[in-house]
There are 2 protein chains.
Amino acid sequence: MLRVTCLSDLFVHLLTFMTNRASLQDIADQLGITKMTVSRYFRSPEKVAPATREKIAQAVKSAGYIHNRAPALMSKSLSHTIGVVIPSLSNQVFSALVDGIETITNSESFDILLAHSGYDPKVEERKIEMLLSYQVDGLILCETEHTDRTRTMLKQAGIPVVECMELPEAPIDMVVGLDHKAAAFNAVSRMIASNKQHIVYLAARLDRRTMLRQQGYEQAMWEAGLTPQTVATPFQSSFSQGMKLLQQALDTFDRVDGIFCTNDDLAVGAMQYCNNEGIRVPDDLAVMGYNGLDIGLTMQPKLTSVVTPRQAIGIKSARLLIDVINGKVPSDKLFDLGYSYTEGESLS
Amino acid sequence: MLRVTCLSDLFVHLLTFMTNRASLQDIADQLGITKMTVSRYFRSPEKVAPATREKIAQAVKSAGYIHNRAPALMSKSLSHTIGVVIPSLSNQVFSALVDGIETITNSESFDILLAHSGYDPKVEERKIEMLLSYQVDGLILCETEHTDRTRTMLKQAGIPVVECMELPEAPIDMVVGLDHKAAAFNAVSRMIASNKQHIVYLAARLDRRTMLRQQGYEQAMWEAGLTPQTVATPFQSSFSQGMKLLQQALDTFDRVDGIFCTNDDLAVGAMQYCNNEGIRVPDDLAVMGYNGLDIGLTMQPKLTSVVTPRQAIGIKSARLLIDVINGKVPSDKLFDLGYSYTEGESLS
DNA sequence: CGGTAAAATGTTACGTGTAACATGTTTGTC
DNA sequence: GACAAACATGTTACACGTAACATTTTACCG
């Protein structure tokens with residue numbers, strides 16, 4: 001029952017309704033109860049009498065109350081929110097990762113605050129600072145290169161952090177990923193095993209993961225008594241970069257009978273180039289990609305590619321992070337989730 | 001100068017430092033000043049004496065203070081944050097859009113809270129509710145289908161909203177986009193003008209934009225006295241879907257001499273299929289894509305595609321939203337930013 | 001120096017949901 | 001109908017950065 005003792009009270013109510021967003025107090029006033037009961041209605045409805053529950057539900061609906069998490073953020077209790085920083089918003093690798101993360105956060109009633117860094121540690125620093133200012137309970141980062149300030153901030157923030165996708169040399173806290181160098185080594189060894197000798201590494205956007213794959217590639221070549229040869233561009237990788245890099249490789253080196261591409265974008269671009277130029281894959285040129293994206297399987301022949309378990313990495317990362325947030329002690333701080341291959345035909 | 005009157009004071013300081021994150025008060029106590037001065041150091045440093053500034057800078061650094069926006073969110077003042085909901089995290093269209101948005105937010109010192117809906121209005125509703133709970137000053141949405149509850153919430157939230165990419169029938173507030181039906185009509189008319197008569201529309205993920213393009217396609221066909229024919233799948237579009245849909249079109253219809261694809265993923269998949277099957281583009285089959293992504297230009301022949309000005313849409317959306325947040329009255333509530341074409345060769 | 005303007009710093013109050021504890025109310029049992 | 005237990009609701013205090021206003025300190029000039 002709305003209790004209005006005088007006209008000015010009503011006026012104040014109307015005014016509040018017009019200008020400010022409704023608060024718990026507004027709902028409570030309207031029903032002649034305290035905001036605590038309304039708060040309980042949201043947090044633990046079973047503790048509110050059914051009749052009251054009904055009244056509140058109606059008042060909440062008519063007032064259009066929207067939860068305000070600001071006060072809760074001020075208390076030291078958990079915000080039930082984790083921050084996720086991905087490098088790019090147009091890469092299936094990270095969208096699958098976030099999908100994995102969300103299967104866990106949804107079932108655990110955690111929220112995600114998402115930010116993207118554009119592969120730039122300075123931007124990552126800024127975004128992490130923003131996420132910390134929202135009092136997130138934990139962070140999932142997809143890169144392992146961080147500014148000094150980022151490392152200091154994270155140390156002082158005192159929240160759990162998962163670095164994922166890769167196994168960093170200097171982990172901040174926990175790690176869920178795979179060994180890109182080992183994967184590259186294995187992939188190139190496969191190419192060599194199928195009698196390719198003049199394998200070139202195609203690389204773009206020279207970040208750490210690209211470098212690690214290069215190391216694996218070079219090790220596999222040296223161990224087989226072959227000479228590693230690389231063409232690289234600092235630009236963002238793309239299909240057209242893949243075409244250009246293959247062209248450049250063929251121009252630069254006497255013989256090329258295989259290419260190991262740092263990702264599927266380059267590999268597909270390169271295969272396009274082969275199609276256009278009449279180079280037969282895999283007879284004239286073996287092609288190995290990295291990531292195992294859908295597009296590789298539409299190629300003729302199908303692209304052979306290293307598959308990274310990105311959804312599983314997302315799931316494991318979120319699981320681990322939330323467990324630690326909830327006070328569990330993890331069995332380990334590092335999880336290597338390995339890799340596999342697409343069933344392609346571009347190798348031999 | 002650190003003023004510690006007794007040992008227990010020091011102990012409390014240490015304890016605070018160990019367990020809780022440093023607050024403005026902690027910094028102030030350490031320096032024997034009030035937190036207000038420290039707050040000013042962050043908000044308007046020019047109002048703090050240089051000597052004090054120096055001291056605070058040092059204390060802030062050693063304490064590892066990280067700004068906490070929770071209290072500010074409780075005041076009715078602006079949070080200088082806008083929420084952005086995109087449908088997908090692996091689509092160049094939306095990453096370019098966000099890039100555009102960020103050029104503006106960066107220069108205006110606004111932060112972005114990002115969420116993704118997976119093209120699902122129910123998920124969009126949840127994400128919007130979350131963003132509102134963080135007291136964002138405005139919202140940019142990339143879809144025009146919303147649940148009833150979303151519309152109610154947004155009305156009651158009383159913040160400006162920009163719907164972008166499209167021109168909705170029932171706009172919530174402001175709109176920045178383009179007319180997909182008109183673009184499709186124009187694109188198909190071009191195909192007809194280059195003497196194609198049996199043009200099939202290839203569609204996936206049957207959302208509103210897909211439908212609008214279908215309407216434009218059908219209108220163009222009818223007006224030219226031709227019969228529209230569509231093959232569609234409810235699944236997410238992908239390169240392999242493009243292959244399948246073209247195959248299906250060729251199986252289903254007697255003659256097909258052109259395809260209009262709802263996006264470049266399908267178009268590229270379809271062109272792959274042509275490459276694989278020896279269908280000549282554009283002589284046997286004209287192909288028109290939609291979005292103008294990089295990959296289209298690596299094809300042989302280059303894909304002709306409708307280019308949507310997504311970066312410009314992002315810039316305009318953010319500009320408009322922030323202007324309104326800052327109290328300006330916009331000259332208009334709807335901005336149609338048009339479309340253009342890639343210089344492709346897949347048409348004629 | 002005196003006095004005023006400007007600069008620097010301080011004081012007070014505020015916003016709002018919730019934990020922890022306290023009080024009031026109903027239910028059920030003998 | 002008395003009383004304990006369970007249930008429902010209320011009370012109080014708290015978190016912390018900042019706007020608005022108040023006070024103190026410094027700078028400057030005749």
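We name chains A, B, ... by the order of the sequence lines, and we start the count at 1 in each one.
Each of C:dG17, C:dA20, D:dC16 was ranked by its minimum atom distance to the side chain of A:K76; first place goes to D:dC16. Counting only heavy atoms from C-beta on, A:S39 has its side chain closest to C:dG17 among D:dT9, C:dG17, C:dG10. Closest to the side chain of A:P71, from the set C:dG17, D:dG10, D:dC16, is C:dG17. Closest contact between the side chain of A:L24 and the listed nucleotides D:dT9, C:dG17, C:dA8 involves C:dG17. The side chain of B:T34 has C:dG10 as its nearest neighbour among D:dA8, D:dG17, C:dG10.
In this entry the distance linking CZ of A:R43 with P of C:dA19 reads 9 Å, nearest Å. Atoms CE (A:M36) and P (D:dA13) sit 15 Å apart, rounded to a whole Å. Across the protein-nucleic acid pair, B:M74 atom CE and C:dC14 atom C1' stand 8 Å apart, rounded to whole Å. Here the P atom of nucleotide D:dG10 and the OH atom of A:Y41 are 16 Å apart, to the nearest Å. Rounded to a whole Å, the CG atom of B:L31 is 15 Å from the C1' atom of C:dA8. B:R69 has its CZ atom 14 Å from the C1' atom of D:dT18, to the nearest Å.
Looking only at distances, no side-chain donor or acceptor of A:S317 sits under 3.5 Å from a matching main-chain atom of A:I315. At least one donor-acceptor pair under 3.5 Å links the side chain of A:D137 to the backbone N or O of A:H80.
Nearest heavy-atom pair across A:I33 and A:V38 is CD1-CG2, 3.9 Å. Nearest heavy atom pair, residue A:M130 against residue B:I112, reads CE-O, 3.6 Å.
Not one side-chain nitrogen or oxygen of B:T37 sits closer than 4.0 Å to the OP1 or OP2 atom of C:dT9. Distances shorter than 4.0 Å separate some side-chain N or O of A:Y65 from OP1 or OP2 on C:dG17. Note on B:H67: a side-chain N or O is less than 4.0 Å away from OP1 or OP2 of D:dT18. Dashed line: the shortest gap from a side-chain N or O of B:T52 to OP1 or OP2 of C:dT9 is under 4.0 Å.
Toward the 5' end of DNA chain C, the nearer of the two residues B:E46 and A:S75, judged by each one's closest nucleotide, is B:E46.
Residue A:I33 is classed as a sugar-phosphate contact, given heavy-atom separations below 4.0 Å to backbone atoms only. Nucleic acid contact for A:R40: base, since at least one base atom lies under 4.0 Å from a heavy atom of the residue. Among the heavy atoms of the strands, none lies under 4.0 Å from A:V38. At a threshold of 4.0 angstrom between heavy atoms, the contacts of A:A49 are confined to the sugar-phosphate backbone, with no base atom among them.
For the atom pair A:I56 CD1 and A:Q30 CD, the distance stands at 11.0 Å (nearest 0.5 Å).
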